[in-house]
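Remember, predicted model here, so these are calculated numbers, not experimental data. Note on naming: letters A, B, ... go to the chains in the order of the sequence lines (proteins, then strands), and numbering restarts at 1 for each one.
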Protein chains: 2
Amino acid sequence: MQTALQPRDITFKQLRQACSNCSLRELCLPNELNAEEMKQVDELIGQGKPIKRGEALYRAGEPFRALYAVRVGFFKTSVVSEDGREQVTGFHMSGELMGMDAISADHYTCDAVALEDSEVCELPFEEMESLSRKIPALQHHFYRVMSREIVRDHGVMLLLGNMKAEERIAAFLLNLSQRFQIRGYSSMSFHLRMTREEIGSYLGLKLETVSRTLSKFQDQGLIKVQNRLIELRDVDGLKQLVNSCQG
Amino acid sequence: MQTALQPRDITFKQLRQACSNCSLRELCLPNELNAEEMKQVDELIGQGKPIKRGEALYRAGEPFRALYAVRVGFFKTSVVSEDGREQVTGFHMSGELMGMDAISADHYTCDAVALEDSEVCELPFEEMESLSRKIPALQHHFYRVMSREIVRDHGVMLLLGNMKAEERIAAFLLNLSQRFQIRGYSSMSFHLRMTREEIGSYLGLKLETVSRTLSKFQDQGLIKVQNRLIELRDVDGLKQLVNSCQG
DNA sequence: CGGACCGTTGAAGAACTTCAACTCGGGTGG
DNA sequence: CCACCCGAGTTGAAGTTCTTCAACGGTCCG
């Protein structure tokens, strides 16, 4: 494993860029840091580690050393049950943190796989933890980020437990749209980085159901689908769908 | 709200008992604390606040001030969607922490309702946060507890996304059994604190399906059901169920 | 003792899955 | 450069699982 990392480390250093200059700073780090604090954080964080499409950033069972922030690209995280069923637990885009599940058991419990060529920043957890004792805003930030993950998971539980296929897909598309918008990309038209099967796994549906539902939405004029390119045509219609049918 | 709390506060103080004497200490707090650290924690934590069956400890939207540890009793937490659908996000027994969802948005996002007469300990979050900067073990403990909640949620997502009704119910019963065992209660026979509907909400099933499945398990000799009293008769059989059917 | 709530069970219906056939597009090797 | 092939996606038809609707029994509590 160590040897495999060496060629990467070269690129790693070439791409090095301080958090203080990073446009994603508001997403990853608390915004109340002063220059001195920022510098301390900068010194800990390893930046721009590239992960090729299809590669795993980490896998379930590997020892925990760091959290990872997506710098560019797109990831899925998934858990696998004892009998081999995969459940996608999340899709992660720039500025989002991965690996928080690993703190409790000291090893990762998910696989994190890049769905396109990506780069991540490495946050060595022990060091961050100890730095967060000196910088209250940083400590609070980590509590908040973990809390946000819990809230997000509850939202997925609501979706999986109560919603019908059409509502799930509509909610999924709206969620992606919103997250692209926050990052300055178009919220009305975007490229899906994942397969129908991965969407299905995340939403508790089979890939055929995902495909059928997207086709149905297109027939209804809600969206336009061209392979993985999605264009939202009637956002209000989609929103109504999410809050309409009784589950 | 303040007035309603006053009669409680009397009992609150009557029941006061230090964490250092509490048998649940290993569940709530890190076990590496020395006497001095323990004392500091003790001084912050409000103990033995009683919540009657059916009452809410907190509700979604209320401002966040404290985490709560179940001392005695049993709680459910649930989120409600915009159109009024309830999703039970968890059942919580003694030693377990509730309210971590509230850190990110500074208000609770769930309702927490007692399913039997209960008592909770109050952990004022801001004070705990600042104390945790002085006690590394305490800080690490909170990170771990939140991480554990994330892992648990991923497990529920796997259950809701991939499992059939029988597998969900079997997994649910085995999970309860294990948690009772940890607390020194019988793992083979226990009382369900929640209705069939609440089980169904948690597992993404209708109450009739829950009822039918329990009856079926009884017919198969896996369990014995008497209202809310459950007796496990074939734990291995249940375990096989969880890891058998392909979802 | 009456009523509300909880739970059980049957039968019919809806929603999703499964199985299967086919299309499309991109990459590879002849 | 083109043929081929593979993975991804679409669509139809049949099948399964769960839900819905409805009726009824039990139990707890005022």
Rounded to whole angstroms, how far apart are [atom1] on [X] and [atom2] on [N]?
| X | N | atom1 | atom2 | value |
| --- | --- | --- | --- | --- |
| A:Lys206 | D:dG15 | NZ | C1' | 15 Å |
| B:Leu115 | C:dC5 | CG | P | 17 Å |
| B:Arg193 | C:dC6 | CZ | P | 17 Å |
| A:Arg228 | D:dG7 | CZ | P | 14 Å |
| A:Arg196 | C:dT23 | CZ | C1' | 14 Å |
| A:Leu207 | D:dT10 | CG | P | 9 Å |
| A:Lys164 | C:dC16 | NZ | P | 6 Å |
| A:Glu208 | D:dT16 | CD | C1' | 15 Å |

(request) Using heavy atoms to find the nearest nucleotide of DNA chain C for B:Thr195 and A:Arg168 separately, return the residue whose nucleotide is more 5′. (result) B:Thr195
Under 3.5 Å, N/O pairs linking protein and nucleotides 23-30 of chain D:
none

Can you give each donor-acceptor pair under 3.5 Å made by side-chain atoms of residues 222-233 of chain B, sequence neighbours left out, with the distance rounded to 0.1 Å?
unit_1   : atom_1 : unit_2   : atom_2 : d
B:Arg228 : NH1    : B:Arg193 : O      : 3.3
B:Glu231 : OE2    : B:Arg233 : NE     : 3.3
B:Glu231 : OE2    : B:Arg233 : NH2    : 3.2

(message) Quick check against the 3.5 Å criterion: does A:Glu86 have a side-chain atom that pairs as donor or acceptor with the backbone of A:Ser201?
(response) no
Can you list the residues that meet the salt bridge (Lys or Arg N to Asp or Glu O under 4.0 Å) rule with [X], with sequence neighbours excluded?
| X | value |
| --- | --- |
| B:Lys239 | none |
| A:Asp111 | A:Arg59 |
| A:Glu197 | none |

(request) Would you work out how much the helix from C:dC1-D:dG30 to C:dG30-D:dC1 bends between its ends, with each end axis defined by five base pairs, to 10 degrees? (result) 40°
(message) Does the plane of the ring in B:Tyr108 sit parallel, tilted or perpendicular to the ring in B:Phe64? Use 30° and 60° as the thresholds.
(response) perpendicular
Please output the side-chain donor-acceptor pairs of residues 207-215 of chain B that fall under 3.5 Å, not counting sequence neighbours, one pair per line with the distance.
unit_1   : atom_1 : unit_2   : atom_2 : d
B:Thr213 : OG1    : B:Thr209 : O      : 2.6
B:Ser215 : OG     : B:Ser211 : O      : 3.1

With [X], which residues qualify under side-chain hydrogen bond (donor to acceptor under 3.5 Å, both in side chains), at least two apart?
| X | value |
| --- | --- |
| A:Ser94 | A:Arg183 |
| B:Arg196 | none |
| B:Asn175 | B:Arg179 |

(message) Any residue in residues 210-219 of chain A with a heavy atom nearer than 4.0 angstrom to DNA chain D? Just list them by number, or reply none.
(response) A:Ser211, A:Arg212, A:Ser215
(message) What's A:Gly200 touching, base or sugar-phosphate or nothing? Going by heavy atoms closer than 4.0 Å.
(response) nothing
(message) Considering every strand and a 4.0 Å limit on heavy-atom distances, what is the contact class for B:Thr209: base, sugar-phosphate, or nothing?
(response) base
(message) According to ring-ring contact (aromatic ring centres under 6.0 Å, His included), who are the partners of B:Phe74, at least two apart in sequence or on a separate chain?
(response) none
